[in-house]
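Take a look at the structure below.
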Amino acid sequence: MEMEKVYDSKKVEEKWVKYWIENKTFSSKPDKTKKSFTIVIPPPNVTGSLHMGHALNDSLQDAIIRFKKMQGYNTLWVPGTDHGGIATQNVVEKLLKKEGKTKYDLGREKFIEKMWQWRQETGDTILDQLKKLGCGLDWDRTRFTMDEACSKAVKRAFKKFYDKGLIYRGKRLVNWCPRCNTALSDIEVEYHPEKGNLWYIKYPIKDSNEFLTVATTRPETMIGDTAVAVNPNDERYKNIVGKTIILPLVGREIKVVADYIVDMQFGTGAVKVTPAHDAVDYEIARRHNLEILEVIDANGNMTDIMEKYKGMSAKDAREQIVADLQEQGYLLKTEDYSHSVGKCYRCGTTIEPIMSEQWFLKVEEMSKRASQVAKDEKVKFYPASWKKPYTLWLDNLRDWCISRQIWWGHRIPVFYCVDENGNKTSCPPIVEQDTPAKCPHCGNTHLVQDNDVLDTWFSSAMWPFSVFNWGENPDNEELKYYYPTGVLVTGHEILYLWVARMVQMGLEFLNDIPFRDVFIHGIVRDKHGLKMSKSKGNVINPLEIMDQFGTDALRFALAQSAAPGRDMQISNDSFLAARNFANKIWNASRFILMNKGELEISDTPQVKELSDKWILNEYNQTIKTVTRAFEVYDIDVASRTLYDFIWTKFCDWYIELSKIRMTSENVEEKKQVLSVLIYILKGTIKMLAPIMPFISDELWSIFNNTTESIVNSSFPVYDDKLVFANEANQMAVVQEIVSKIRNVRSEMNISPAAFITTKIKVLDESKLAVVENNQAYIKALGKIKDLVIGKDIQREKNSALTVATGFEMLIPLEGLIDIEKEKARINKEIKNIIAEQEKYNKKLSNPKFVEKAPAEEVARIRQKLADTQSKIATLEETLKNYEN
RNA sequence: GGGCAGUUAGCUCAGCUAGGGAGAGCAUCUCCCUUACAAGGAGGAGGUCGCAGGUUCAAUCCCUGCACUGCCCACCA
């Protein structure tokens, strides 16, 4: 097989994407003889296109799945997409707008048809991109949150909740997006600081000439005030509590109430209470049984509460009311004020808290359980620091507003009995999974379904079991086999929105956690640390990176930076380095293959000499580190460990040393070293396969002449028999000698092409054998023609001299030596060693260190000191000879 | 207001859950196309490990406080 000089990612990738899919490499069936390891993909929105966040999230999951598969688990990674509720509906609405239409022009039915059609056209885009990324998903199991099975699950869940009394309908204060025209849950509101004003308004106290001044950022709501609240401990207002206020402009009488929630420090310490448009005020109203008056309607306009302002936009009303207050002398002052304003997480419009009839889910019990499983470590967070925010959130959770006034989504499975005019009868609502034919209470066949759809996160919360047909049959074998899943991989931005709710629902409906581990990775940022966004123009498109540098390069660069929980800054340099790494592996393999030729090579490594044992020892340590790293989701550690092993150890040292035997006349020697090379290479690409699947499978197929994917081989296992501590130490001696010789060569401008003579004087006799036995290594890597080793080697004037621990090395220089240059070089060497020596001296001169530190440590430092002293003596003596 | 991260070479980061040699990649400098790889090789320069205390024979690493940066949560009238 001919390998090209440069790794061609495009050629290789296309082939393997096709191979994995056609051979169903990642398809899974329940198999009781094997343990399952499941991941459900965080389903991307159907409208989506692959961005860096997906690339990171999914290549990490793929790495885990491939690793576990190679470890012998029956792995399953379930693909799918999310219908994406409001977000998706907004996209299609925008498309309609381009045609000059609104969804109302089409009507509900036609609009939904249009949505499905659009999904049909674009829904596979992101799935195809995941295929291109190499994701080992079981494609036959591709799911959609609105497909039949998932829809059944949603209805089943709704009914179960309802029957248990956990779902209720009521008019409450909710977050309303006037643009999307729907209610939102509390976590769907994002708060951003905004510049505004703080208005101080004087509220006259009845039957007196006094005023109570309140401060507000929303003066337009004052006409709906039903109380003024002060803190019960506030001395200033002690005798005002219970008194009556005449509401300016309105003339209505309201009470002054005392509530602990009021902050005495803020503003005037007196708060106007508008229960219908502020969450805190709503709470106060509930505690004090205050009347709730609506001021702003669902369109963001003023209600008919006061004729004068009726129909005005809230914004206009604000101006008018401020002007009116001013005119009537109630406005004390206006201050600039910056505060957080709630925005719709889907469209950025300012949220209006309004009173609205909605469906709610009681979450108290579920939250407790979901919090407890984290506290008990039944669900484990990686990194562990996310456990606390998770439990804190759950411990303070309020009921979940689950209804949305949009059309795209799971329609609430509640039916109402209506008369001929469409008016609801007195029959109670019917909650059924299947649309009922008639009212079970009166037999009437005129039924209408609730207009609302469910929060898109309601169906997402059931994803880990709805994908296994829980809706159809909660006792099915697949569900039992694959659930709970092994790990949930996600960014922290949807920890509450999604992760916490999956745990709640899993515990509620399956009485078991949905996943054992939660692996939270960071966010991909640009090279300046900024979040990528279209508006900033700093988006790196993963598809372009795949095209330019290769998919493995993209995956490796991301994996290498993916320290759990930490954001990563990424730039083209990262991908370039990863591409170079792929090329390095490719060429190391090419070198081995070229030398192998038609030779028959043993599958087991034929160990012959020092370097063989050294590299096997290093390889074995690498297995240990990498395996451990994968197991705790330190994919970054696994990546870096492999990079270092392959490049620094395998290529820079072992392959270089192998050339000695490779060019030998003795074919057996060549076969021997090839057996080690191939053994290590195969094992290493196995370890690399989870992260760089394309090049790994390609090389695997070349080396094994097989069509079986590398993921069906087993992950290398640490082996006690491959521990060679002595050889590791001996190799370190060789490496030190070689490095010092190379250093002299470079500093003295000896051409890398030139062969030199080197004399090694052995000072430490215990190291004599190592050097003698490994002359070939030193000669090859030091580019030495004549190597002399002995105890009695004389220093020579026309030689450069350097020292290693236990050795002096002389390199005779061609022609006349540049004495000044050599002196400078030696001085520099002395300087470096002295710096080292000072540290040892400092330690040893501390009597407490000698007294208290472990004896071995003291002995070790003493030895180091002796080494440096000896080195310095040698170098200084040489220097002195030059002076004479 | 509460919480969580981070602060190590010019840049991006590792090391800190074994306390005892400060590391990698990129960038930079010198030499080299030595036939696996110039997407490469060899070598060099570059850091008082945010600040101040404490524990210890010994602190980048453990503890406390502070500063700065980022993120999350909150009942910011």
Side-chain angles (χ1 to χ4, degrees), chain A residues 3 5-7 187 191 193 198-199 214-218 229 259-263 266-274 278-281 283-284 337-341 383 385-386 388-389 392-393 396 492-493 495-496 522-523 525 527-529 549 553 560-561 563 565-571 573-574 576-595 636-637 640 643-644 647-648 651-652 655-656 659 739 742-747 749-755 781 783 828 836 839-840 842-843 846-854 857-858 860-861 864:
Chain A
M3 288 175 77
K5 198 170 167 181
V6 171
Y7 172 58
I187 29 173
Y191 290 87
L198 194 56
W199 286 273
V214 300
T216 181
T217 53
R218 303 207 54 192
D259 197 290
Y260 70 89
I261 208 164
V262 178
D263 179 359
F266 191 95
T268 60
V271 192
K272 64 187 261 325
V273 181
T274 322
D278 184 278
V280 180
D281 293 5
E283 262 187 53
I284 295 174
Y337 184 65
S338 179
H339 66 302
S340 285
V341 176
S385 55
W386 278 105
K388 196 174 172 184
L392 272 178
W393 186 78
N396 297 293
H492 56 73
E493 65 274 11
L495 180 65
Y496 308 134
I523 293 168
R525 296 171 178 278
K527 66 192 295 187
H528 307 291
F549 298 100
Q560 197 195 20
S561 317
R566 293 200 51 186
D567 289 355
M568 60 203 76
Q569 286 176 231
I570 231 147
S571 68
D573 285 349
S574 329
L576 193 70
R579 182 202 63 177
N580 294 352
F581 179 48
N583 195 48
K584 187 75 181 177
I585 300 161
W586 181 258
N587 274 290
S589 308
R590 191 162 72 95
F591 169 80
I592 294 167
L593 198 77
M594 277 166 58
N595 281 284
D636 59 322
V637 173
R640 275 194 302 270
Y643 182 97
D644 182 57
W647 205 310
T648 315
C651 292
D652 288 351
I655 287 187
E656 288 309 315
K659 286 178 182 172
S739 295
R742 283 170 165 175
N743 174 276
V744 171
R745 291 186 62 122
S746 191
E747 297 269 307
N749 289 340
I750 299 170
S751 160
F755 279 89
L781 298 186
K783 271 240 159 181
K828 186 174 142 194
E836 199 186 332
K839 282 187 292 191
Y840 304 137
K842 198 179 157 197
K843 281 202 164 190
N846 179 356
K848 284 183 176 171
F849 170 72
V850 182
E851 194 187 315
K852 293 197 172 179
E857 179 62 17
V858 178
R860 197 178 67 88
I861 298 296
K864 291 247 183 195

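We name chains A, B, ... by the order of the sequence lines, and we start the count at 1 in each one.
- Taking atom OH of residue A:Y643 and atom P of nucleotide B:rA24, one finds them 12 Å apart after rounding to whole Å.
- In this entry B:rG43 has B:rC29 as its Watson-Crick or G-U wobble partner, both defining distances falling under 3.5 Å.
- Relative ring orientation between A:W386 and A:H492 is described as parallel, the plane-to-plane angle staying below 30° on a 0-90° scale split at 30° and 60°.
- Atom CG of A:L495 and atom P of B:rC71 are 17 Å apart (whole Å).
- A:S746 contributes no side-chain N or O that, together with a main-chain N or O of A:R742, makes up a donor-acceptor pair within less than 3.5 Å.
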Protein heavy-atom contacts under 4.0 Å, written 5' to 3' over nucleotides 10-15 of chain B as B (base), S (sugar-phosphate only) or - (none), form the string --SSS-
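- Nucleotide B:rC57: paired with B:rG20 (Watson-Crick or G-U wobble, both distances less than 3.5 Å).
- The nucleotide B:rU34 finds no pairing partner, because no Watson-Crick or G-U wobble arrangement with both distances shorter than 3.5 Å includes it.
- In terms of phosphate contacts, A:N587 brings no side-chain nitrogen or oxygen within less than 4.0 Å of OP1 or OP2 of B:rG40.
- Considering only residues two or more places apart in sequence or on other chains, A:D644 meets the salt bridge (Lys or Arg N to Asp or Glu O under 4.0 Å) condition with A:K649.
- A:N846 comes within contact range of the sugar-phosphate backbone alone, with a heavy-atom separation under 4.0 Å but no base atom that close.
- In this structure, of B:rU30, B:rA36, B:rC57, it is B:rU30 that holds the atom nearest to the side chain of A:N749.
- Taking only side-chain nitrogens and oxygens, A:K584 comes nearer than 4.0 Å to OP1 or OP2 of B:rG41.
- One finds a side-chain N or O of A:K852 lying less than 4.0 angstrom from the OP1 or OP2 phosphate oxygen of B:rC57.
- The phosphate of B:rC37 has OP1 or OP2 within less than 4.0 Å of a side-chain N or O from A:K5.
- In this model, the phosphate group of B:rC4 is approached by a side-chain N or O of A:K388 to a distance below 4.0 Å at OP1 or OP2.
- Residue contacts for A:P383: at a heavy-atom cut-off of 4.0 Å it reaches no nucleic acid atom on any strand shown.
- Within the structure, a side-chain polar atom (N or O) of A:K839 is placed less than 4.0 Å from OP1 or OP2 of B:rA22.
- If you check every strand for non-hydrogen atoms under 4.0 Å, A:E656 touches a base.
- In this structure, the nucleotide among B:rA39, B:rC76, B:rG43 sitting nearest to the side chain of A:N583 is B:rA39.
- Across all strands, A:R860 comes closer than 4.0 Å only to sugar-phosphate atoms, never to a base (heavy-atom distances).
- Within the 4.0 angstrom heavy-atom criterion, base atoms lie near A:V271.
- A:K828 comes within 4.0 angstrom of sugar-phosphate atoms only, judged by non-hydrogen atoms across all strands, and of no base.
- Taking a pair to require two hydrogen-bonding distances under 3.5 Å in either a Watson-Crick or a G-U wobble arrangement, B:rG65 pairs with B:rC51.
- A:R579 comes within contact range of at least one nucleobase, with a heavy-atom separation under 4.0 Å.
- Residue A:Y496 has its side chain nearest to B:rC72 when only B:rC4, B:rG20, B:rC72 are considered.
- Ring planes of A:Y643 and A:F581: tilted class, angle from 30 to 60°.
- As rounded to whole Å, 14 Å separates atom P of B:rC72 from atom CD1 of A:I187.
- A:A229 comes within 4.0 angstrom of no nucleic acid atom, judged by non-hydrogen atoms across all strands.
- A:N595 comes within contact range of no nucleotide atom at all, as no heavy-atom separation falls under 4.0 Å.
- Within 4.0 Å (heavy atoms only), A:W647 reaches sugar-phosphate atoms of the nucleic acid but no base atom.
- Residue A:F581 is out of contact with every strand shown, counting any heavy-atom pair closer than 4.0 Å.
- The A:V6 side chain lies nearest to B:rA39 when the options are B:rC37, B:rG20, B:rA39.
- Across the protein-nucleic acid pair, A:W586 atom CH2 and B:rG40 atom C1' stand 17 Å apart, rounded to whole Å.
- Within 4.0 Å (heavy atoms only), A:A588 reaches at least one base atom of the nucleic acid.
- Within the 4.0 angstrom heavy-atom criterion, base atoms lie near A:S340.
- Residue contacts for A:K843: at a heavy-atom cut-off of 4.0 Å it reaches a base atom on one of the strands shown.
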